[in-house]
Amino acid sequence: MEAYLEEHLRAVLADMGGAPDDFAIAFEKPNNPEHGDLATNVALKLARHFRRAPRQIAEEIAARLTARVDPARVAAVEVAGPGFLNFRFAEAYLTDRLADLLAAGEDYGKIDEGRGRRALVEFVSANPTGPLTVGHGRNAVLGDTVANLLEWTGWAVTREYYFNDAGRQMRVLGESVRARYRALVDPDLPVKRIKRGEDDFVEVPESFPDDGYLGDYIIAIAEALYAEHGASLGEEDVEPFKKAAEEVIFADIAATLRRLGIEMDTFFNEHTLYENGKVWEVVEALREKGYVYEKDGAVWFKTTELGKDQDTVLIKSSGEPTYRLPDIAYHVDKFERGFDRMIDVFGADHIATYPDVLAAVRLLGYDADRVEVILYQFVTLVRGGAPVKMSTRKATYVTLDELMDEVGEDVTRFFFLMRSPHTHLEFDLDLAKEASEKNPVFYLQYAHARICSILRKAEEVGFTFGETPDLTLLTHEAETGLMKTLFELPEVLRRAAAAKEPHRVANYLREVAVAFTQFYGHCRIIGEERALATARMHLAQAARHVLRNGLTALGISTPERM
RNA sequence: GCGCUUGUAGCUCAGUUGGAUAGAGCGUUGGAUUCCGGUUCCAAAGGUCGGGGGUUCGAAUCCUCCCAAGCGCGCCA
């Protein structure tokens, strides 16, 4: 419709003496229904160009446009306010689109904008040092849902998890397990106390690292090792302990993700970047460009020349790279794999690192604009009205699994999605548990279940989808209102995907549910005469498709009964 | 001190490319319902869009200064 109107509008403007060459015509959906179905401000924009009052220009455009457009599509062109042009759609246009929606069914909302192009979404990317926490949850759900949205808009998407199992973190993890294991082998070994928080101490074996991981899962891993190997594990080598911990923890992470409906396509181990030499190639390439130098035995990246106030270290004087270097090499690898778009999801604490990575990638000749970052603000967990400090190492966290146990998988996903990624998310655990019955996700699922119930019942009393409906019977305000809301789905999904903001879909679905309940309140199906009932059945079915497709894109289930 | 993000109703948050009377949920108050699912609906009250200045036909939205909060600013990741 917008393309149709734009075409005629441009023709009209040409007749009136022409608009500037680069003149953009924008349409918007008015908030106020009295302002029609679509509006444009072209007359306001052109006031200066034509040197006439906007209102006067609008009148002339409206008159010329009315003579051109097909009355079966556009019922009215009106001038309002300071010079807006408001368009009112013809009923026939609505029913045609409803038929299209019903024909598309479970594919309604899919567009092929990204057809033939490949996107990589990298998310979660937590090192396997412990179970996923609430903080990871926002990352996981955002990444997966953005991937879904890209798929709905035609992209071929790869979901990737990047991790490092060779660094210091992992060594400490192995040492933590080993210390617990030793205590099992010899319960009489001396113990010490580690401070976990204010007046909160934990008793650990003496060989336990001071910055070790205190979670109970470490003890469980040690117990499993003891059960399997007895006292036979060589205690000097930390490797078997690390390996065992990594395996167990990764399996746990994968299970948590699966529970959330997330299936990764690839797991990328940072280690491969050392094995294939990519890391050193990056250093040399940057050195050739003149952006690398050595000082104090370390290798530095001249980020000051890129606008930062300090240079950054790529390789420590110990010879060990900092995380930044493999990060750069990793992104180079992504480019070499030929992705058209690369999306990184990470928390606000990583804000400082990615400009370096992008700058390096750009220096190496890649189009850094293809790398997009979803930077989400932190989740503050609130329990009993007070914020909970969370640390994986100190095991003072709430795991994602615990959260799902408490509020359910669908609520967990929806909760992380209903707000813009760049606002701080206050997660009140007590409220989340207690309010589960009035949680917005239930409202949406309930609307869907109710539609299913109505359709079941309608079929029981003899109405059927086999009959071709006469959709022109749908003229009630609640019916046309519902239709107009339903038709927004493709555009909402497109914009949500483009902006990488799933919360737009969540907000929209609420509008759909509201529009449906209004329809439900005013228009009955069972009890109406056959033709009208059949038409309304189809409208309800259309609402069901939209709710289902939208919720599916968000990764949320759509039960037929609740 | 510098950088990024945020500041909108009592609370939690939407607000698209600068548009018309700034919206929703929760909460509060009042009301509806013999009904296809009461996990429902309707209505009211509630606003200095953090503050000042600027840009223009028009600003919550863009620019600038100030205030406040979160995060970051390491040869940790």
Side-chain angles (χ1 to χ4, degrees), chain A residues 24 26-32 34-35 39-41 44-45 47-48 53-55 80-84 86 125-127 129 164 167-169 211 295-300 307-310 312-324 326-327 347-355 375-378 380 418-426 428 431 435-440 442-443 445-447 449-458 460-461 491-492 495-496 498-499 501 503-504 506-508 510-511 514 517-518 520-528 533 536-537 540 561-562:
Chain A
F27 294 96
E28 57 169 19
K29 201 179 76 76
N31 296 321
N32 185 338
E34 285 176 20
H35 296 151
T40 181
N41 59 357
L44 293 162
K45 289 262 195 246
R48 183 174 298 229
R55 179 102 197 176
F84 287 98
N86 293 335
S125 296
N127 285 341
T129 57
N164 166 23
R168 206 189 85 84
Q169 276 184 18
D211 55 353
K295 191 183 85 182
D296 303 334
V299 177
W300 295 73
K308 294 193 72 170
D309 49 10
Q310 292 170 47
T312 45
V313 172
L314 290 179
I315 304 175
K316 301 182 231 174
S317 52
S318 65
E320 201 182 354
T322 63
Y323 64 96
R324 214 172 296 251
D327 263 7
D349 54 338
H350 283 61
I351 180 66
T353 85
Y354 89 95
L375 189 82
Y376 61 93
Q377 296 296 316
F378 271 170
T380 311
M418 56 188 294
R419 289 175 195 165
S420 163
H422 45 260
T423 60
H424 300 269
L425 177 60
E426 190 173 287
D428 189 329
L431 191 71
S436 61
E437 277 199 358
K438 42 195 163 189
N439 192 297
F442 282 10
Y443 182 75
Q445 290 179 321
Y446 183 73
R450 181 195 265 158
I451 294 172
C452 293
S453 161
I454 293 169
L455 295 178
R456 270 196 306 270
K457 200 150 282 186
E460 276 169 24
V461 300
E491 182 64 7
V492 168
R495 288 185 180 196
E501 292 181 350
H503 73 280
R504 297 179 186 220
N507 290 335
Y508 163 71
R510 171 145 202 113
E511 287 177 32
V514 167
T517 358
Q518 271 162 6
Y520 169 81
H522 288 102
C523 305
R524 298 183 55 79
I525 293 177
I526 293 160
E528 293 291 346
R536 284 179 175 169
M537 252 178 99
R561 300 168 199 270
M562 291 177 72

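Each chain gets a letter, A, B and so on, in the order the sequences are listed, and its residues count up from 1.
- Among the atoms of the strands shown, none is found under 4.0 Å from any heavy atom of Cys452(A).
- An OP1 or OP2 oxygen of U6(B) is reached within less than 4.0 angstrom by no side-chain nitrogen or oxygen of His424(A).
- Looking at the side chain of Arg419(A), the nearest of the listed nucleotides C13(B), A77(B), G19(B) is C13(B).
- Using a 4.0 Å heavy-atom cutoff across all strands shown, Ala47(A) reaches no nucleic acid atom at all.
- Ranking U40(B), A77(B), A20(B) by closeness to the Asn86(A) side chain, first place goes to A20(B).
- Residue contacts shown for Asn41(A) include a base, since a base heavy atom lies under 4.0 Å away.
- At the heavy-atom level, Glu491(A) lies nowhere under 4.0 Å from the strands shown.
- Within the nucleic acid shown, Thr312(A) has no heavy atom closer than 4.0 Å to any nucleic acid atom.
- On the P atoms, C11(B) is 16 Å away from G27(B), given to the nearest whole Å.
- When the C1' atom is used for both U56(B) and G18(B), the distance is 10 Å, rounded to whole Å.
- Base pairing of U56(B) is not made with any nucleotide, judged by Watson-Crick or G-U wobble geometry with both donor-acceptor distances under 3.5 Å.
- Judged by distance alone, with hydrogens and angles left aside, Ser317(A) brings a side-chain donor or acceptor within reach of the base of C75(B), the pair sitting under 3.5 Å.
- Using a 4.0 Å heavy-atom criterion, one finds that Thr423(A) contacts the sugar-phosphate atoms exclusively.
- Here Ala458(A) lies out of heavy-atom contact (under 4.0 Å) with every strand.
- Proximity note for His350(A) (side chain, C-beta onward) versus G15(B), G37(B), A77(B): the nearest is A77(B).
- Nucleotides U28(B) and A68(B) are separated by 35 Å at their P atoms, to the nearest Å.
- Taking only side-chain atoms of Asn507(A), from C-beta outward, the nucleotide of G37(B), A14(B), C71(B) with the closest atom is A14(B).
- Across C67(B) and G52(B), the matching P atoms stand 15 Å from one another, rounded to whole Å.
- In this structure, Met418(A) reaches neither bases nor backbone, as no heavy-atom distance under 4.0 Å exists between it and the strands shown.
- Between Leu314(A) and Pro321(A) there is no side-chain heavy-atom pair separated by less than 4.5 Å.
- Phosphate contact (OP1/OP2 of G15(B), side-chain N/O of Ser420(A), threshold under 4.0 Å): absent.
- Nucleic acid contact for Ala39(A): base, since at least one base atom lies under 4.0 Å from a heavy atom of the residue.
- Of the candidate nucleotides A20(B), G72(B), A77(B), A77(B) has the atom nearest to the side chain of Asn127(A).
- Residues Tyr446(A) and Met562(A) form a side-chain contact, since some pair of their non-hydrogen atoms from C-beta on lies under 4.5 Å apart.
- Base-pair partner of G1(B): C73(B) (Watson-Crick or G-U wobble, both distances under 3.5 Å).
- Of the listed nucleotides (G15(B), G19(B), U5(B)), U5(B) has the atom at the smallest distance from the side chain of His422(A).
- For C41(B) and C4(B), the P atoms lie 43 Å apart once the distance is rounded to whole Å.
- The shortest side-chain heavy-atom distance between Pro421(A) and His503(A) falls under the 4.5 Å cut-off.
- His35(A) comes within contact range of at least one nucleobase, with a heavy-atom separation under 4.0 Å.
- Nearest nucleotide to the Ile525(A) side chain, out of A77(B), A20(B), C36(B): C36(B).
- Considering only the side chain of Asp296(A), C75(B) comes nearest among G37(B), C75(B), C71(B).
- The shortest distance between side-chain heavy atoms of Ile351(A) and Leu375(A) falls below 4.5 Å.
- Listed candidates were G70(B), C4(B), C75(B). Nearest to the side chain of Gln377(A) is G70(B).
- Taking a cutoff of 4.0 Å between a charged side-chain nitrogen and a carboxylate oxygen, Asp211(A) and Arg168(A) qualify as a salt bridge.
- Pairing of G37(B), defined by two Watson-Crick or G-U wobble distances under 3.5 Å, is not identified with any nucleotide.
- Note on Arg456(A): nothing from the nucleic acid sits closer than 4.0 angstrom, heavy atoms only.
- In this structure, Tyr520(A) counts as stacked on the base of C36(B) under the 5.5 Å centre distance and 30° plane angle limits.
- Nucleic acid contact for Gln518(A): sugar-phosphate only, since backbone atoms but no base atoms lie under 4.0 Å from a heavy atom of the residue.
- Remark: A22(B) base-pairs with no nucleotide in the shown strands. Criterion, Watson-Crick or G-U wobble with two distances under 3.5 Å.
- Using a 4.0 Å heavy-atom criterion, one finds that Ala449(A) contacts the bases of the nucleic acid, with or without backbone contacts as well.
- Of the side-chain N and O atoms in Lys316(A), one or more sit less than 4.0 angstrom from OP1 or OP2 of C76(B).
- Classification of Lys457(A) and Glu460(A) as a salt-bridged pair fails, no side-chain N sitting under 4.0 Å from a carboxylate O.
- For C2(B), neither phosphate oxygen OP1 nor OP2 lies less than 4.0 angstrom from any side-chain nitrogen or oxygen of Gln310(A).
- In terms of phosphate contacts, Tyr443(A) brings a side-chain nitrogen or oxygen within less than 4.0 Å of OP1 or OP2 of C41(B).
- Counting non-hydrogen atoms under 4.0 angstrom, Phe27(A) reaches a base of the nucleic acid.
- Straight-line distance between the P atoms of U61(B) and G53(B): roughly 13 Å, to the nearest whole Å.
- For A9(B) and U29(B), the C1' atoms lie 16 Å apart once the distance is rounded to whole Å.
- Looking at Met537(A) and Ile454(A), their side chains never come closer than 4.5 Å, going by heavy atoms from C-beta outward.
- Between the C1' atoms of C71(B) and A32(B), the separation comes to 49 Å (whole Å).
- Minimum atom distance to the side chain of Phe84(A) is reached by G19(B), of the listed G19(B), A14(B), C71(B).
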